Amino acid sequence: MGRPFGVKRGNKKRKEKYDEHIEEGEQEQEEPQPKQLKTDDVSREEEAGNQEKQSEEAEGDVVHQLEGIPLGPVQSQLSKSVGVTFVLERASLEVAKVGKTYQILNSDDHTNFLKRNGRNPADYRPDIVHQALLSILDSPLNKAGKVRAVYVRTGKGVLFEVKPHVRIPRTYKRFAGIMLQLLQKLSITAAGKREKLLRMIKNPVTQYLPVNARKIGFSHSSERLVEMQDYVAAIGDDTPLVFVVGAMAHGKIETEYTDDFISISNYPLSAACCINIICDAVRKHLKFI
Ligand SMILES: C[S@@+](CC[C@H](N)C(=O)[O-])C[C@H]1O[C@@H](n2cnc3c(N)ncnc32)[C@H](O)[C@@H]1O
C-alpha cells in the first residue's frame with residue numbers, strides 16, 4: 001500500500017509556513033486528531049482529487065465506525081422514478097494545522113490565522129455547505145425517497161458523496177469534526193454497518209450522473225430568470241434532474257457540464273434557501289405533501 005493519505009513529500013515548506021504563523025489565543029476546537037497526519041490539508045486536498053486508487057485501497061483497510069451518524073428514516077417507495085441529484089460546488093472545506101490540531105478552516109475561529117497566511121477569511125465558510133446539506137437531507141423530497149444522490153466538490157476539487165439517508169450532525173462543531181475525519185480518512189461508515197455514508201470519490205462528478213439527466217446550474221447572476229415550479233413542469237418526467245448549486249460565499253459556479261444555467265429569484269439567496277425552493281418545486285410537481 002502507498003504512503004498514508006495526506007502524507008505528501010516535498011511540501012515541508014508550506015507546512016512550516018502554516019505552523020509558524022499560529023497565533024497565541026487563536027481559538028482551537030477540540031476536533032478528533034489524526035494520528036499519522038503530517039501535512040496541512042491544502043496538499044491533502046490536492047492529492048485527494050487524484051488518488052482514487054489510493055482511496056479505494058485505504059477504504060478496504062479502514063472501516064470508521066462513527067457513532068453520531070445514524071441512518072435516517074427508511075425511505076418510502078413513493079414513486080418509481082429515479083429521483084433528483086444534487087451537486088454542491090466550491091464547498092469551503094479546507095483543513096490546516098492550527099496550533100497543535102488539524103481543523104476545518106472557518107472565518108469565525110481562524111481569522112488571524114488566515115490573514116497571516118495571506119488568505120481572505122470571508123472565503124472560508126464551511127457553514128454554507130453544512131446548511132446546504134441539512135436543507136437537502138431534511139427536505140420532504142428526501143424523506144419521500146426522491147433524492148437519489150448528493151455530491152460535494154470542495155474549492156480544491158476534492159469530490160465526495162453523501163448518502164441521502166445519512167443524518168448529518170446538526171451543530172456546526174460536530175459537522176466540522178465529521179468533515180475533518182472524512183478528508184483525512186476518505187470514508188465514514190455508520191456505526192455497526194459496512195455501508196459508507198460519506199466517501200471520497202474520483203472526479204469528474206459527471207460519471208456518477210444519470211446518462212440522460214438534465215444538469216441545471218443555479219446562479220443569481222444568470223439572465224434566465226424562471227419560476228422553479230414551471231421550469232420543473234416543463235421538463236419531461238422521464239428526464240432525471242441534477243441540480244448544481246454553489247456552496248461558497250461569493251462568485252459564481254463555473255461548470256462545463258451543466259445544460260442550463262438559471263436564476264430562480266430576483267434576489268441573491270443563500271445556497272440553503274435556493275435548495276429549499278428547488279426541493280419544494282419538485283415536491284409540488286410530484287404532488288405530495
Ligand atoms: C451564497 S450564493 C453565492 C452567490 C453568487 N453570487 C451567486 O448567486 O452565484 C450560493 C449559491 O446559491 C445559488 N443562488 C443564490 N441566489 C440564487 C438565485 N437568485 N437564483 C439561482 N440560484 C441562486 C447559486 O447556486 C449560488 O452559487
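The shown structure was predicted, so the numbers you read here are calculated from the model rather than taken from an experiment. Whatever order the structure lists ligands and atoms in, that order sets their numbers, starting from 1. All heavy atoms count here, side chains included; hydrogens, waters and symmetry mates do not.
Scanning the protein heavy atoms around atom 24 (C) of ligand 1, the nearest turns out to be Phe218 O, 3.1 Å. Protein heavy atom in closest approach to atom 19 (N) of ligand 1: Tyr267 O, 2.9 Å. Of the protein's non-hydrogen atoms, Ile264 N, 3.0 Å is the one closest to atom 20 (N) of ligand 1. His220 N, 3.6 Å is the protein heavy atom nearest to atom 17 (C) of ligand 1. For atom 13 (C) of ligand 1, the closest heavy atom belonging to the protein is Cys274 SG, 3.8 Å.
Within the 4.0 Å heavy-atom criterion, both parts of Met248, backbone and side chain, lie near ligand 1. Only the backbone of Ile262 comes within 4.0 Å of ligand 1, judged by heavy-atom distances.
Formation of a donor-acceptor pair under 3.5 Å by the Ser222 side chain with backbone atoms of Phe261 is found in this model. In this structure a side-chain-to-backbone donor-acceptor pair under 3.5 Å is missing from Ser187 to Arg199. A donor-acceptor distance shorter than 3.5 angstrom exists from the side chain of Arg283 to the backbone of Phe288, with no hydrogens or angles considered. Between the side chain of His220 and the backbone N or O of Leu269 there is no donor-acceptor pair closer than 3.5 Å.
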From CA spacing to verdict: salt bridge (charged side-chain N to carboxylate O under 4.0 Å, His left out), Arg170, Asp138: CA-CA 11 Å; Arg170 308 201 75 80; Asp138 283 349; 2.4 Å; yes

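Checking only distances, Ser221 never comes within under 3.5 Å of ligand 1, N or O to N or O. Considering backbone and side-chain atoms together, Leu269 places an N or O closer than 3.5 Å to an N or O of ligand 1. Checked by distance only, ligand 1 and His250 stay at 3.5 Å or farther apart across all their nitrogen or oxygen atoms.
Relative to atom 12 (O) of ligand 1, the option among Ala272, Ser222, Ala271, Ala247 with the closest non-hydrogen atom is Ala271. When Ala132, Gly217, Gly246 are checked for heavy-atom proximity to atom 11 (C) of ligand 1, Gly246 turns out nearest. Among Gly251, Ala249, Ser219, the residue whose heavy atom sits closest to atom 5 (C) of ligand 1 is Gly251.
Note: Phe86 and Phe243 have tilted aromatic rings, judged against thresholds of 30 and 60 degrees for the angle between ring planes. Aromatic ring pairs are classed by plane angle as parallel below 30°, tilted from 30° to 60° and perpendicular above 60°; the pair Phe113 and His110 is perpendicular.
When each atom of ligand 1 is checked for a heavy atom of Ser263 under 4.0 Å away, the hits are 18 (C), 19 (N), 20 (N), 21 (C).
Checked against the 6.0 Å centroid criterion, the rings of Phe160 and Tyr151 do not qualify as a close aromatic pair.
Shown are Asp260, Asp259, Thr239; of these, the side-chain hydrogen bond (donor to acceptor under 3.5 Å, both in side chains) with Arg214 is made only by Asp260.
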